[in-house]
Amino acid sequence: MASAPTTVTITGGGGQIGYALTFRIAAGDMLGPDRPVRLRLLEIPQGMKAAEGAALELQDCAFPQLIDVDVTDDPLTAFNGAQIAMLVGARPRTAGMERADLLAANAGIFGPQGKAIGAVAADDVRVVAVGNPANTNALIAAASAAPHVPADRFTALTRLDHNRAVGQLAEVLRLGPDRIEGVAIWGNHSASQFPDVAHAVVDEHDTMVIDALAERLGGRDAAVRWLDDTFIPRVAKRGAEIIEVRGSSSVASAANAAIDHVRDEQLGTPHRTWTSAAVVSRGEYGVPEGLVCSFPVRSKGVHAHGEGYEIVEGLDLDDRARARIDASVAELVAERDAVRALGVLG
Ligand code: NAX
């Protein structure tokens, strides 16, 4: 028997990622074939027509699982009863805009949206911030939803970075991406992030990725050089590479990662190892409490015994990994302090 419909609210539903997301969610790619969905698309007035057009096309797909689609520019209507909120719409950086201006503009979006989530979302709501700066936008939304929604329901998307890292390794090792596990993205969804393969394995613990790289690239020194000089910067700056080659930012891969993020949180991580997501720190690995930081995470699903993403603890970090994580965390602290100065963190 099909379960009760799940209400999924997507902000920026008329934008590019919104357009790529909604059809796949309606087709059952995110919550599985047995869970009907209601979609709520939140837009600003300028984006309403695009979202309304997408809603017409969704109707034309006659997806059996899609119960209905509402389009609105009112956050209280959009988040009413929301069980999954995907915060995609954000203010992009424009020419001449300082970092502080960008943070302030997005605080003006994610603050009121967090407040609306706190006021009207379902008791079991889970939220992922996709719009950039994603980690700090999640922090702002969580602070604004308090005390009605626990902060740990708020996450930010670093799954695209994770998937990019797996894709790079798969290409070099000439393996299917599903044979690589245990990659981790640490820190901020920005160029300071640390894509870490120290614990990554091929074929469920058969071979360490570093050993497979050493074999393919001609020794351990060559593998370490490739990781430092090619892999880490390429993953961290892949967004810019996509813009340069495609002439437009990542869209389908971003939507795919957002679907992976919600699916694994809701239904559980499929492998024995882990994935990556930015979640609220409780001090794990020395990351200051309260920051929304990317960690290796796993989930047993969201149900009576599952609480969504949990940080994988106890991994050894060498000095070089520690330094990279500390640098990215310092950036998150600076972003948090900048928005705190705006008075949006309560
Ligand atoms: P688009 O500009 O195509 O779409 C954004 C949409 O959001 C527009 O339709 C706009 O009208 C709407 N919007 C703006 N303010 C809003 C508000 N207050 N309420 C509701 N809707 C609002 O951008 P798109 O390519 O879809 O990217 C969306 C965001 O994702 C950007 O911030 C982008 O930087 C971010 N990304 C994040 C990634 C991640 O891994 N975390 C990767 C991809 C992407 O770069």
Side-chain angles (χ1 to χ4, degrees), residues 9-22 40-55 70-79 82 85-94 97 102-117 127-141 144 154-165 167 185 187-191 193 195 235-244 246-262 275-279 292-294:
T9 301
I10 300 171
T11 74
Q16 298 202 81
I17 294 175
Y19 191 72
L21 258 182
T22 46
R40 298 256 170 76
L41 309 184
L42 177 66
E43 261 296 345
I44 48 176
Q46 306 88 293
M48 285 292 285
K49 280 280 165 215
E52 283 165 1
D70 291 326
V71 179
T72 178
D73 60 3
D74 172 27
L76 287 173
T77 306
F79 291 115
M86 305 175 80
L87 309 184
V88 180
R91 173 76 160 77
R93 190 191 286 247
T94 39
M97 204 175 186
L102 182 74
L103 289 165
N106 280 293
I109 294 174
F110 287 79
Q113 289 180 357
K115 210 164 172 209
I117 289 169
V127 185
V128 55
V130 176
N132 283 317
N135 301 51
T136 297
N137 287 341
L139 181 76
I140 293 166
S144 309
F154 288 78
T155 57
L157 187 74
T158 53
R159 182 60 176 266
L160 180 55
D161 309 297
H162 180 99
N163 289 350
R164 285 166 170 167
I185 304 294
N188 200 0
H189 169 67
S190 75
Q193 68 179 256
V235 171
K237 295 179 191 156
R238 183 68 158 185
E241 184 183 347
I242 299 290
I243 292 174
E244 196 184 309
R246 191 177 170 259
S248 165
S249 58
S250 309
V251 175
S253 57
N256 177 68
I259 284 171
D260 286 350
H261 175 108
V262 172
T275 184
S276 302
V279 300
V292 178
C293 178
S294 188

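Index from 1, following the sequence. Whatever order the structure lists ligands and atoms in, that order sets their numbers, starting from 1.
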Heavy-atom distances under 4.0 Å are what count here, so tell me which part of [X] touches ligand 1: side chain, backbone, both or neither.
| X | result |
| --- | --- |
| I109 | side chain |
| Q16 | both |
| R159 | neither |

For [atom], find the nearest protein heavy atom and state the residue, atom name and distance (0.1 Å precision).
| atom | answer |
| --- | --- |
| atom 4 (O) of ligand 1 | G15 CA, 3.2 Å |
| atom 20 (C) of ligand 1 | L42 O, 3.5 Å |
| atom 19 (N) of ligand 1 | Q113 NE2, 3.2 Å |
| atom 29 (C) of ligand 1 | V88 O, 3.2 Å |
| atom 39 (C) of ligand 1 | H189 NE2, 3.2 Å |
| atom 27 (O) of ligand 1 | I17 CD1, 3.4 Å |
| atom 8 (C) of ligand 1 | E43 OE2, 3.5 Å |
| atom 21 (N) of ligand 1 | G12 N, 3.3 Å |

Can you find a pair of side-chain heavy atoms, one from [X] and one from [Y], that are under 4.5 Å apart?
| X | Y | result |
| --- | --- | --- |
| T275 | R159 | yes |
| N106 | I140 | no |
| F110 | I117 | no |
| D260 | H162 | no |
| L103 | P133 | yes |
| I10 | L21 | yes |
| V251 | R246 | yes |
| L160 | R238 | no |

Atoms of ligand 1, numbered as shown, that sit under 4.0 Å from any heavy atom of [X]:
| X | value |
| --- | --- |
| A254 | 42 (C), 43 (C) |
| L157 | 39 (C), 40 (O), 41 (N) |
| G131 | 29 (C), 30 (O), 32 (O), 35 (C) |

Do you know the tightest heavy-atom contact between A156 and V292?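 Closest pair (atom of A156, atom of V292, distance): CB-CG1, 4.1 Å.
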Below 4.0 Å from ligand 1: does a non-hydrogen atom of [X] turn up there or not?
| X | answer |
| --- | --- |
| Q46 | no |
| P92 | no |
| R91 | no |

If you round to the nearest 0.5 Å, how far is OG1 of T9 from CG of L41?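 One finds 8.5 Å between CG of L41 and OG1 of T9.
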Distance in Å, Q113 CD paired with L76 CG, rounded so as to fall on 0.5 Å steps: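 Q113 CD to L76 CG: 11.0 Å, rounded to 0.5 Å.
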Closest to atom 13 (N) of ligand 1 among G18, A50, G89 (heavy-atom distance):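 Checking each option, the heavy atom nearest atom 13 (N) of ligand 1 is found in G89.
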Given N135, L160, T158, I44, which has its nearest heavy atom closest to atom 17 (C) of ligand 1?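 Residue with the shortest heavy-atom distance to the ligand atom: I44.
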Distance only, no hydrogens: is a donor on one side chain within 3.5 Å (strictly under) of an acceptor on the other, for R164 and S250?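 Side chains of R164 and S250: pair found under 3.5 Å.
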Do R40 and T72 have a side chain donor and acceptor closer than 3.5 Å?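 Not at all, the side chains of R40 and T72 share no donor-acceptor pair under 3.5 Å.
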May I ask you to check if ligand 1 and [X] share an N or O to N or O distance below 3.5 Å?
| X | result |
| --- | --- |
| A134 | no |
| V130 | yes |
| N132 | yes |
| D161 | no |

Might you check, step by step, whether the distance between atom 34 (O) of ligand 1 and some protein heavy atom is under 4.0 Å?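 It does: a protein heavy atom is found less than 4.0 Å away from atom 34 (O) of ligand 1.
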Side chain to side chain contact (heavy atoms under 4.5 Å, CB included) assessment of R93 paired with N132: CA-CA 9 Å; R93 190 191 286 247; N132 283 317; over 6 Å; no
